[in-house]
Amino acid sequence: MRKKLLKKIAVVTTGGDAPGMNAAIRGIVRIAASKKFRVLGFRRGWEGLITNTSTPLSPRSVSGILQLGGTMLHTSRCPEFEKKEGIKKVTESLASNHIDGLVVIGGNGSFKGALELSTHTDTLIVGIPASIDNDIFGTEETIGFDTAVNTAVAEIDKIRDTAVSHERVFMIEVMGRERGFLALEIGLTVGAEIILLPEVPYRKEKLFEIVRENRAKGKKSGLIIAAEGIGDTRVLAAQIQQNTQTEVRLSIIGYAQRGGNPTARSRLLASLFANRAVELLSGEEGNRIVGLHDGRIVAVDLHKSCKTEKTLDPNLLRLAKLLAT
Ligand code: F6P
């Protein structure tokens with residue numbers, strides 16, 4: 001059982017960036033200051049903890065970042081942190097800087113790293129889910145997801161215009177790594193005729209048939225939203241064209257989905273998560289992630305979050321099918 005009172009918090013943003021990470025940093029620093037905790041920001045994700053590269057953060061040093069995409073602390077993928085030597089260096093940095101609580105802002109890869117770290121340190125660890133993929137168990141939404149959906153929808157609405165003019169089918173690849181949360185919500189909100197998700201197996205023949213049927217019932221153009229996790233979309237787009245006598249174009253939205261000013265929703269979620277994360281630490285609670293559940297901000301066991309797979313909402317899947325007729 002820990003006895004000392006919490007005085008100093010560290011914050012780090014790790015893995016792929018997500019719009020709203022800055023809003024979360026700002027929230028942590030300002031809530032921490034209201035409780036008289038000092039805050040240190042480590043740079044470039046786990047790498048900053050390995051090399052002991054940090055900067056003190058104050059309410060003034062986080063002015064003007066609420067509305068900015070990216071992360072002022074920068075981030076990186078850090079293979080060194082996956083090795084014993086890397087973890088050892090991180091624990092040394094935490095100890096030499098007298099860090100009582102560490103807030104990890106990142107995705108599920110970052111949380112797996114945090115879970116491993118928690119077995120080597122006394123520092124309390126709290127995770128704030130931030131990822132455009134929205135694939136973290138324990139929260140209905142991650143910071144940045146809403147922004148990424150809106151960014152993609154704005155692009156795809158433009159693509160719909162040209163699809164209609166040219167009477168073409170467009171396949172649009174969106175991010176999401178191995179999961180289809182982004183693709184499903186984007187597909188639903190652009191009115192896609194077809195949504196292809198890694199979680200839902202499809203037969204190519206069936207896909208060709210739907211494209212042909214859509215033509216036959218008067219749909220001269222169409223949108224197919226494909227999650228990047230389904231495989232090579234270039235090959236698939238070409239096969240659809242060949243097998244349906246329909247002109248098919250492919251558009252890959254890519255990294256634009258990770259950038260841009262966070263939506264109001266992403267900023268609000270970041271601020272609420274930050275508040276709860278600092279509250280948990282001030283109550284000496286570690287090994288948790290914060291999350292959104294039924295409109296409330298909750299705390300979930302870090303181990304459970306890492307070991308449980310989040311599933312797609314079956315109601316959204318059903319609705320997407322119904323609306324695509
Ligand atoms: O996890 C966020 C994400 O943008 C995924 O959607 C994508 O597959 C991946 O990161 C890309 O990673 P990297 O930035 O390492 O190329």
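Both ligands and their constituent atoms are indexed starting at 1 by order of listing.
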So if you build clusters from Ile, Leu, Val, Met, Phe, Trp, Tyr with side-chain heavy-atom gaps below 4.5 Å, do Ile194 and Leu184 land together? no
Is it the side chain, the backbone, both or neither of Gln257 that has a heavy atom closer than 4.0 Å to ligand 1? neither
Taking distance alone, with no angle check, do Glu228 and ligand 1 share an N/O pair under 3.5 Å? yes
Which heavy atom of the protein is the closest neighbour of atom 16 (O) of ligand 1, given with residue, atom name and distance? Tyr255 OH, 2.5 Å
Identity and separation of the nearest protein heavy atom to atom 9 (C) of ligand 1: Arg177 NH2, 3.5 Å
Counting only heavy atoms not in Arg168, do more than 12 fall under 6.0 Å of its CZ? yes
Atom 1 (O) of ligand 1 - nearest protein heavy atom and its distance: Asp133 OD2, 2.7 Å
Can you name the residues that form a side-chain contact (heavy atoms from CB on, under 4.5 Å) with Pro56, not counting sequence neighbours? Leu40
So between Arg77, Arg258, Arg179, whose heavy atom ends up nearest atom 4 (O) of ligand 1? Arg258
Are Thr14 and Thr75 linked by a side-chain donor-acceptor pair shorter than 3.5 Å? no
Any side-chain heavy atom of Arg30 within less than 4.5 Å of one from Ser63? yes
Identify the heavy atoms of Ala192 and Arg160 that sit nearest to each other, and give their distance. N-NH2, 4.3 Å
Please determine if Gly176 has a nitrogen or oxygen closer than 3.5 Å to a nitrogen or oxygen of ligand 1. yes
